[in-house]
Amino acid sequence: MLKNLWYVVVPSRELGTALMPVSLLGQSFVAYRDSRHVAHLLSDTCVHRGGSLSAGVKTGDTVQCPYHGWRFGSDGVCTHIPAQPDARIPAKARVDAYPVIERFGWIWAFLGDLPEAERPPLPDLGWVDHPSFHIVSGRFDWDASWDRVIENGLDFAHAPFVHGSVFGDRERPEMDAFDVVADDWQGTATMIMHRPVRKGWLRRKSTGERVHVETRPGFHMSGPCTTLSLRPRAGWRIEIVSAHTPIDATHTRTWWMMGRTFFRSALFDRQAARRNLLVFEQDHEVLRRVKPERVPDDWQREVSVKSDALQIAFRQRLHELEARGWAIDEARVERDFRGRIACVIPSPARRHIKTWAIEPIPIREGAHDPS
């Protein structure tokens with residue numbers, strides 16, 4: 001798992017003024033809106049005696065710990081200690097507060113300490129707000145790591161075998177050659193999917209004919225997201241984005257949105273959502289059994305071929321960010337911190353404020369060689 005990236009916390013419509021507990025990157029946070037309806041995200045651990053802030057209450061625009069009533073503002077600074085209301089508040093009486101952006105119907109939080117100018121961009125999802133698209137959305141929880149889930153979303157060679165009942169064709173599993181276009185934060189490829197034409201009310205019986213559909217899968221390290229653009233017919237367009245949020249090392253929560261420019265009535269939403277969830281469920285049956293559970297650090301431990309080029313581009317970006325010192329040392333967290341010492345994802349305030357009660361989460365040393 002990586003720090004210094006934007007992560008989708010929750011859909012905008014699900015976050016109100018009440019405190020919401022959130023689990024990301026194996027850490028606990030509290031999300032809420034203030035009196036101006038602005039979204040905020042704080043570390044969940046009170047620096048006094050370790051109380052869970054998300055189990056507390058809102059008092060004005062502050063979060064009050066349920067243990068001793070300490071209050072923290074949206075900047076993470078303690079504003080009130082009930083047991084000593086007239087005493088000077090210690091400099092270390094603060095929790096980490098994280099930058100938040102509300103865009104494309106989601107709450108995005110930057111979990112890291114980079115200054116604003118050095119933070120990654122968000123993906124371009126302008127279609128979400130475009131009037132020509134009708135949007136349906138949902139979530140899916142995986143017993144699988146975020147990196148495996150992302151690679152699965154970029155892998156169209158598995159479609160004929162895992163999703164033959166929905167899309168893909170076991171009788172035509174070959175993939176035509178394609179090129180990957182990538183930069184520091186994202187990658188995409190244009191592929192041709194060979195889809196059998198089906199008939200009947202449930203579209204389960206093949207006619208023996210096939211159509212060729214241009215598909216454009218991609219990834220963006222913010223979210224982290226996989227995207228898919230489809231042109232099923234002339235004048236029809238489908239856009240799908242899935243933000244795969246790491247809950248911890250082996251559990252992922254996916255927030256997804258699908259936009260379509262046809263059949264724009266909400267009457268078709270249930271069918272579209274059911275189809276999307278069926279694809280996730282079919283993938284889950286495979287991913288929850290893969291070994292190792294995480295994408296291997298050493299590429300030589302798996303055999304890759306040309307049809308894996310988009311996944312390889314993702315691995316290259318992943319290894320580059322790990323080499324920058326952004327990879328959380330999950331083994332050390334379990335060995336040295338869990339149950340003994342509280343740690344947090346460091347926030348940008350730690351760049352200019354040096355007095356903190358809770359240690360920053362340990363980071364893995366060394367870089368991977370992607371060759």
Side-chain angles (χ1 to χ4, degrees), residues 6-8 10-13 103-106 108 122-142 144 146 148-160 162-163 165-168 178 180-181 185-195 211-233 235-245 252-266 268-284 286-287 310-311 313-314:
W6 290 97
Y7 290 95
V8 173
V10 69
S12 295
R13 66 178 182 276
R103 193 172 298 168
F104 310 127
W106 285 335
W108 305 71
L122 296 184
D124 180 7
L125 304 176
W127 56 267
V128 172
D129 301 317
H130 197 280
S132 65
F133 280 88
H134 180 81
I135 306 296
V136 60
S137 60
R139 79 176 227 193
F140 188 83
D141 290 336
W142 307 78
W146 73 281
R148 286 292 196 186
V149 173
I150 284 188
E151 285 205 358
N152 174 81
L154 305 176
D155 177 5
F156 270 66
H158 80 277
V162 179
H163 307 299
S165 62
V166 182
F167 64 93
F178 61 87
V180 173
V181 178
W185 302 110
Q186 61 190 329
T188 188
T190 300
M191 306 176 185
I192 302 299
M193 183 173 66
H194 306 282
R195 179 172 61 83
V211 294
H212 308 298
V213 180
E214 181 181 289
T215 67
R216 185 171 296 173
F219 67 88
H220 199 291
M221 300 307 293
S222 289
C225 290
T226 54
T227 58
L228 179 61
S229 180
L230 300 170
R231 305 293 193 277
R233 294 185 185 178
W236 287 18
R237 185 177 166 191
I238 297 174
E239 298 287 344
I240 304 173
V241 58
S242 299
H244 304 296
T245 304
T252 304
R253 174 159 295 166
T254 292
W255 303 104
W256 61 270
M257 285 188 283
M258 174 188 293
R260 62 181 187 269
T261 59
F262 56 95
F263 296 160
R264 292 166 47 82
S265 169
F268 296 97
D269 287 356
R270 182 176 297 181
Q271 179 182 0
R274 185 164 53 239
R275 180 185 176 92
N276 211 46
L277 290 174
L278 174 59
V279 171
F280 285 147
E281 289 165 358
Q282 291 172 335
D283 285 328
H284 191 219
V286 175
L287 291 183
L310 191 53
Q311 298 99 287
F314 165 70

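In this structure Phe219 satisfies the ring pair (Phe, Tyr, Trp, His ring centres under 6.0 Å) test together with Phe314, sequence neighbours excluded. Take Ser229 and apply the side-chain contact (heavy atoms from CB on, under 4.5 Å) test, not counting sequence neighbours, and it matches Arg216, Arg231, Glu239. Applying the side chain to side chain donor-acceptor pair (under 3.5 Å) test to Trp142 and every residue at least two apart in sequence or in another chain returns Thr254. Remark: His220 engages no residue in a side chain to side chain donor-acceptor pair (under 3.5 Å) (not counting sequence neighbours). Contacts of Trp108 classified as ring pair (Phe, Tyr, Trp, His ring centres under 6.0 Å), with partners at least two apart in sequence or in another chain: Trp106. Under the rule for a ring pair (Phe, Tyr, Trp, His ring centres under 6.0 Å), the partners of Trp6 that lie at least two apart in sequence or sit in another chain are Phe110. Under the salt bridge (charged side-chain N to carboxylate O under 4.0 Å, His left out) criterion, Asp155 pairs with no residue, sequence neighbours left out. Partners of Thr245 by side-chain contact (heavy atoms from CB on, under 4.5 Å), not counting sequence neighbours, listed by chain and number: Val8, Leu24, Trp255. Taking the ring pair (Phe, Tyr, Trp, His ring centres under 6.0 Å) definition, one finds that Phe262 meets it with Trp236, sequence neighbours left out. With sequence neighbours excluded, no residue satisfies side chain to side chain donor-acceptor pair (under 3.5 Å) with Thr252. Listed by chain and number, the residues in a side-chain contact (heavy atoms from CB on, under 4.5 Å) with Asp129 are Phe104 (sequence neighbours excluded).
The distance from the CE atom of Met191 to the CG atom of Leu228 is 9.5 Å, given to the nearest 0.5 Å. Note that CZ of Arg148 and CD of Gln311 are 11.0 Å apart. Values are rounded to the nearest 0.5 Å. How far CD of Glu151 is from NE2 of His158: 12.0 Å, rounded to the nearest 0.5 Å. Rounding to the nearest 0.5 angstrom, the gap separating the CE atom in Met258 from the CG atom in Asn276 is 4.0 Å. Distance check, rounded to the nearest 0.5 Å: CE of Met257 to CG of Leu125 gives 6.5 Å. Rounding to the nearest 0.5 angstrom, the gap separating the NE2 atom in His244 from the CH2 atom in Trp256 is 12.5 Å.
Shown here for Thr226 and Ile150, the closest heavy-atom pair between the two residues is CG2-O, 3.7 Å. In terms of heavy atoms, Thr261 sits closest to Gly235 at OG1-O, 3.8 Å.
Between Tyr7 and Ser222 the shortest side-chain heavy-atom distance does not fall below 4.5 Å. With a 4.5 Å cut-off on side-chain heavy atoms, Leu278 and His163 do not count as touching. Counting heavy atoms from C-beta outward, Thr188 and Thr227 have side chains that stay 4.5 Å or more apart.
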Please tabulate, one pair per line, all N/O donor-acceptor pairs under 3.5 Å involving side-chain atoms of residues 131-138, not counting sequence neighbours.
residue, atom, partner, partner atom, Å
Ser132, OG, His130, ND1, 2.8
His134, ND1, Arg264, O, 3.1
His134, NE2, Asp269, OD1, 2.8
His134, NE2, Asp269, OD2, 3.0
Ser137, OG, Arg13, NH1, 3.4
Ser137, OG, Arg13, NH2, 3.4

Q) His284 and Asp141: side chain to side chain donor-acceptor pair (under 3.5 Å), yes or no, with the steps? A) CA-CA 9 Å; His284 191 219; Asp141 290 336; over 6 Å; no

